[in-house]
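Accompanying notes for the structure given below.
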Amino acid sequence: MELSKRFDFKTVDAKWSKDWEDKNLFHAKADTGKPPYTIVIPPPNVTGILHMGHALNNTLQDIIIRYKRMKGFEALWMPGTDHAGIATQNVVEKALAKEGKKRHDLGREAFLEKLWAWKKQYGDTIINQLKKIGASCDWKRTRFTMDDAYSNAVKEVFVRLYEKDLIYRGTYIINWCPRCHTALSDEEAEHKDTKGHLYHIRYPLKENPDQFIVVATTRPETMLGDTAVAVNPKDERYQNLIGKILILPLVNREIPIITDELVDREFGSGAVKVTPAHDPNDYQMGKRHNLEFINIMHPDGKINEQGGVYNGLDRFVARKKILEDLEAQGLLVKTDDHLHAVGHCYRCDTVVEPYLSKQWFVRMTPLAQPGIEAVKDGRIKFYPERWSKVYLNWMEGIRDWCISRQIWWGHRIPVWYCQDCQMEIVVKDTPAACPKCHSKNLKQDEDVLDTWFSSWLWPFATLGWPQENADLKYFYPTSSLFTASEIIFFWVARMIMAGFEFRGDIPFSDVYIHGTVRDAKGRKMSKSLGNAIDPLEIIEEYGADALRFSLIINSGQDLFISKEKFEIGRNFANKIWNASRLILMNAQTIDPSFKLSAIKNMPDLDLPSKWIISRLYTTIKDVSDAIEHYRYSEAESLIYEFFWNNFCDWYLEIIKNDWANPTTQNIVFKILAESLKIIHPFMPFVTEEIWENIKKSGQSELCIQPWPTVEDNLIDPQAEKNMRILIEHIVSIRNSRAEWEIKPNEELSCQFASSSAAVRNILENNIGLLKSLAKIKDPVILPSLSQTQNVIRNVFEDSENAISLEGVIDVEKEKGRILKQLDEYKKAEQGLADRLANAAFVEKAPAEVVAKDKERLQDLQKKIEKLQQAIKGLI
RNA sequence: GGGCGGUUAGCUCAGUUGGUAGAGCUCUUGACUUACAUUCAAGCGGCCGUAGGUUCGAGUCCUGCACCGCCCACCA
């Protein structure tokens with residue numbers, strides 16, 4: 001048994017990915033008798049490759065699913081990908097554009113073929129990348145949101161909601177992306193603060209063209225569609241103008257001055273131009289006042305024939321031209337700088353246009369109700385808890401969801417229109433004839449559904465719904481969901497609604513919201529900014545374990561990542577590897593039946609062994625607890641501290657000369673084995689590889705080993721405390737050695753001085769350890785400098801090797817240090833004394849606290865006394 | 001305009017029921033001690049953003065303020 005000199009993660013990672021998959025170790029079956037634990041992956045888009053956010057997201061899921069698997073759950077992690085409607089269509093269109101083609105050149109069918117080819121390629125790439133980071137998904141179950149079975153679920157849902165009158169079709173103002181040529185939901189329009197201008201424009205009165213009303217607008221081009229001007233009914237300034245007719249400049253349309261509560265008297269001029277077809281507020285006003293709705297734009301954002309001379313101009317070109325024309329006519333009063341929120345397409349960043357069009361909507365208010373209650377009463381919990389507030393705010397003010405998209409890649413809306421009687425037929429499968437007039441002249445709706453209209457079914461559609469099969473019954477509801485905060489509205493909230501609507505229950509009980517991965521400057525990582533660190537590059541250079549460990553240890557809140565941050569993971573993997581090498585080199589006679597619990601209470605077991613065993617189980621306990629509470633970075637810190645600082649830096653050093661002892665070998669070996677188990681969820685590859693070399697013959701892979709159980713008698717707080725005292729003294733001896741340069745062959749007598757008999761006892765019982773680790777023949781315990789002086793004087797006084805203390809100690813430096821320390825002690829002493837003199841404190845504070853303070857005070861006084869002596873000795 | 005998060009060592013961050021501040025990196029000093037230089041030993045370095053309040057005692061609880069960041073929102 002021997003490990004190679006270096007941890008060769010490249011071959012090791014690939015080897016275990018393959019082994020786990022070949023042996024089907026992550027396949028979960030229904031009704032195994034074990035309790036189920038289920039996670040569904042947030043399906044990555046098939047647009048491209050995995051980024052750092054995916055690496056984080058999937059590592060978090062992998063940690064808990066590996067943990068639960070080892071804990072004895074039937075752990076299912078459902079993998080898959082999302083067709084990501086607009087996003088994917090956009091990237092394929094871009095690729096097509098390079099060939100100088102547009103999607104309409106190909107036609108719908110041929111274009112969709114291209115998309116499926118793309119999906120095949122990138123879907124596979126993404127799955128492979130997930131495997132590379134070590135994701136222990138049930139790969140045989142890999143789903144895609146446009147699989148046949150999945151599409152069936154989508155259609156089922158559409159029909160059901162339609163039949164309950166929760167889906168309707170209507171003409172409303174929606175967010176329109178002129179570049180993607182499609183409607184967007186409210187969530188898909190990202191509002192960004194944008195520097196713009198507020199233009200003040202004169203609209204002349206019909207009865208007297210020399211009289212004006214001034215309106216303020218940020219989008220002057222929309223005036224082509226104005227059908228009124230509104231003022232607040234209480235605005236004194238405009239009382240005499242209400243009801244009068246204006247002549248709309250450039251267009252010469254007659255429009256009335258109306259009143260509406262919506263108008264803010266303070267803003268701008270207090271008069272608003274009303275464009276019912278191009279602004280959501282104006283739309284409301286238009287409805288209220290029965291105004292005309294004039295659509296002035298083509299779907300691509302160019303002005304249409306309603307725009308008169310501006311016909312054919314792009315909206316922004318038209319804006320410029322209109323301003324010039326108004327200026328020329330003396331109608332542009334002034335232009336102010338103005339910061340305002342402008343909606344942008346979340347997929348292509350084009351400025352969205354509020355646009356009047358006929359779309360399909362889902363009525364959300366009735367769906368939201370059970371989802372609100374479930375979070376309020378704790379059936380669904382958010383981690384961290386504060387996100388539940390964000391969720392509830394959105395749910396309580398929810399608005400109807402525009403679900404139709406004018407693109408080709410997606411689930412086609414299952415609605416047919418009879419061309420003869422205009423009947424609207426909503427059914428899952430293509431109808432043969434119109435049920436009303438029996439016409440066969442039917443035409444399917446051209447649109448597809450919002451990509452989230454399929455994603456919101458993910459937790460149960462992946463398990464086979466609408467069929468009530470064994471998987472669904474066993475694995476659903478799922479256990480936890482891991483995602484980023486950006487996705488709460490798009491996906492989490494809607495999954496909860498779908499869960500209740502179609503399964504009558506929560507879809508998952510815990511929602512863990514992790515931070516966003518940013519660069520060192522705090523900017524979001526993105527391809528366009530060029531600041532993205534590719535997880536695959538990190539894997540290539542440092543290995544997947546290093547990537548995982550480093551990401552998680554930084555994952556408390558948002559992550560500020562630079563390349564150097566991955567060194568900690570690389571170094572830790574290296575440490576684990578080398579410690580294992582050392583152990584395998586030295587531990588040759590292992591008793592397979594050896595148990596730590598059996599020897600733990602052996603009376604002659606040395607303190608360090610008692611200590612490390614206790615530390616191991618304390619760590620196991622704390623790590624388990626941290627994982628259960630979604631405190632992953634804390635779990636890693638605990639592991640790191642235990643394995644590196646306790647096990648490697650202390651225990652392995654302590655037993656350095658004791659390898660021949662079979663008990664030592666057994667202990668070390670067992671501690672390594674148990675450590676590997678708890679490290680495995682975080683760093684699966686390196687631990688699995690080492691396990692391969694230390695496991696008993698016939699034992700299976702580490703990833704399906706049981707999680708270590710903690711028996712309370714394995715934890716020994718007293719041993720941990722004693723060892724801490726010992727370590728403190730060893731450290732102080734090391735330091736003093738460095739100061740006084742005592743040569744190795746010099747004999748020093750051993751003297752213990754400690755305020756506490758218990759401590760002295762510990763030291764005396766471990767004199768051997770003190771000697772070996774302090775690396776001098778007889779160690780000197782240094783409670784104070786003066787005492788040390790005495791020791792040294794006593795030893796060397798009569799000897800010809802006597803050394804002068806002044807010669808080896810920098811007296812001034814030492815004095816300075818002691819004075820500083822003395823000062824601190826005195827301050828602390830004063831504080832404590834004051835407190836103890838305070839009658840209220842002694843009376844009100846818990847007795848133990850008072851007692852502790854008294855003890856501390858005595859301790860301090862002793863220390864001060866010693867230091868004062870030391871100072872005398874120096875002078 | 002509303003809501004949320006942050007402000008602790010030069011940097012990145014821990015700090016879980018309030019009890020005299022912790023880690024990693026950086027820097028400085030020492031060690032090539034054959035498991036590991038992706039290492040080991042040690043040192044330097046903090047009135048815990050600011051002003052108040054509660055308390056015997058506040059990084060920790062309450063209030064105001066400042067700065068940074070995020071989310072939501074129909075002031076055109």
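The figures that follow rest on heavy atoms only: side chains count, while hydrogens, waters and symmetry mates do not. Below, chain A is the first sequence line, B the second, and so on; all start at residue 1.
Between the side chains of Glu188(A) and Tyr346(A), at least one donor N or O sits under 3.5 Å from an acceptor N or O. Side chains of His197(A) and Asp336(A): no donor on one and acceptor on the other come within 3.5 Å.
Put simply, CD1 on Ile513(A) and CD on Glu385(A) are 12.0 Å apart, with the number rounded to the nearest 0.5 Å. Between the CG atom in Asp622(A) and the OG1 atom in Thr618(A) there is a gap of 6.5 Å [rounded to 0.5 Å].
Straight-line distance between the P atoms of G57(B) and G18(B): roughly 15 Å, to the nearest whole Å. G49(B) and U60(B) have their C1' atoms separated by 16 Å, with the value rounded to a whole Å. Taking the C1' atoms as reference points, C11(B) lies 7 Å from U26(B), given to the whole Å. Atom name C1', nucleotides C70(B) and U29(B): the rounded distance is 44 Å, in whole Å.
The partner of C48(B) cannot be assigned: no Watson-Crick or G-U wobble pair with both contacts below 3.5 Å exists in any strand. Base pairing of U7(B) is made with A66(B), judged by Watson-Crick or G-U wobble geometry with both donor-acceptor distances under 3.5 Å. Of all nucleotides present, none satisfies the Watson-Crick or G-U wobble test against U34(B) with each distance under 3.5 Å. Nucleotide G1(B) is matched to C72(B) when pairs are restricted to Watson-Crick or G-U wobble geometry with both distances under 3.5 angstrom. Figure legend. G18(B) is base-paired to no nucleotide; pairs are counted as Watson-Crick or G-U wobble with both atom distances under 3.5 Å. Of all nucleotides present, none satisfies the Watson-Crick or G-U wobble test against U54(B) with each distance under 3.5 Å. Nucleotide U28(B) has A42(B) as its partner under the Watson-Crick or G-U criteria, with both atom distances under 3.5 Å. Pair check for U12(B) finds A23(B); Watson-Crick or G-U wobble, both atom distances under 3.5 Å.
Distances shown here put a side-chain N or O of Arg399(A) below 4.0 Å from the OP1 or OP2 atom of C74(B). In terms of phosphate contacts, Asn571(A) brings a side-chain nitrogen or oxygen within less than 4.0 Å of OP1 or OP2 of U39(B). At least one side-chain nitrogen or oxygen of Trp644(A) sits closer than 4.0 Å to the OP1 or OP2 atom of C40(B). Considering only side-chain N and O atoms, Lys273(A) lies nowhere under 4.0 angstrom from the phosphate OP1 or OP2 of A76(B). Note on His338(A): a side-chain N or O is less than 4.0 Å away from OP1 or OP2 of A76(B). In terms of phosphate contacts, Lys575(A) brings a side-chain nitrogen or oxygen within less than 4.0 Å of OP1 or OP2 of C40(B).
Between Arg570(A) and Glu564(A), no side-chain nitrogen of the basic residue sits less than 4.0 Å from a carboxylate oxygen of the acidic one, so the salt-bridge criterion is not met.
Between the OH atom of Tyr391(A) and the C1' atom of C4(B) there is a distance of 18 Å, rounded to whole Å. Arg581(A) has its CZ atom 9 Å from the P atom of A37(B), to the nearest Å. What separates CD of Glu567(A) from P of A37(B) is a distance of 15 Å, to the nearest Å. Rounded to an integer number of Å, the gap from Asp625(A) CG to U16(B) P is 15 Å. If you take CG of Asp186(A) and C1' of A73(B), they are 11 Å apart, rounded to a whole angstrom. In this structure, the CD atom of Glu641(A) is 8 Å from the C1' atom of A23(B), given to the nearest Å. One can place CG of Leu652(A) at 11 Å from C1' of C36(B), the figure rounded to the nearest angstrom. What separates CZ of Phe560(A) from C1' of C70(B) is a distance of 10 Å, to the nearest Å.
One N or O on the side chain of Arg237(A) and one on the backbone of Arg265(A) form a donor-acceptor pair closer than 3.5 Å. No donor-acceptor pair under 3.5 Å is formed between the side chain of Asp625(A) and the backbone N or O of Lys621(A).
Nearest nucleotide to the Asn574(A) side chain, out of U38(B), A35(B), A76(B): U38(B). The side chain of Phe489(A) has C71(B) as its nearest neighbour among A35(B), C71(B), U12(B). The side chain of Lys389(A) approaches C4(B) more closely than any other nucleotide in the set U16(B), C4(B), A76(B). Candidate nucleotides U16(B), C70(B), C36(B) were compared by shortest atom distance to the side chain of Arg631(A), and U16(B) ranks first.
Residue-level contact check: Val272(A) touches the bases, meaning some heavy atom is under 4.0 Å from a base atom. Note on His629(A): nothing from the nucleic acid sits closer than 4.0 angstrom, heavy atoms only. In this structure, Arg386(A) reaches the sugar-phosphate backbone alone: every heavy-atom distance under 4.0 Å involves primed, P, OP1 or OP2 atoms, never a base. Using a 4.0 Å heavy-atom cutoff across all strands shown, Arg219(A) reaches no nucleic acid atom at all.
Judged by distance alone, with hydrogens and angles left aside, Arg6(A) brings a side-chain donor or acceptor within reach of the base of U38(B), the pair sitting under 3.5 Å.
Checking Thr217(A) against Asp558(A), the closest nucleotide of RNA chain B that is more toward the 5' end is the one next to Asp558(A). When each of Ser637(A) and His191(A) is assigned the nucleotide of RNA chain B with its nearest heavy atom, Ser637(A) is the one assigned upstream, toward the 5' end.
Applying ring-ring contact (aromatic ring centres under 6.0 Å, His included) to Phe549(A) and the options Phe685(A), Tyr632(A), Phe572(A) leaves one that passes, Phe572(A).
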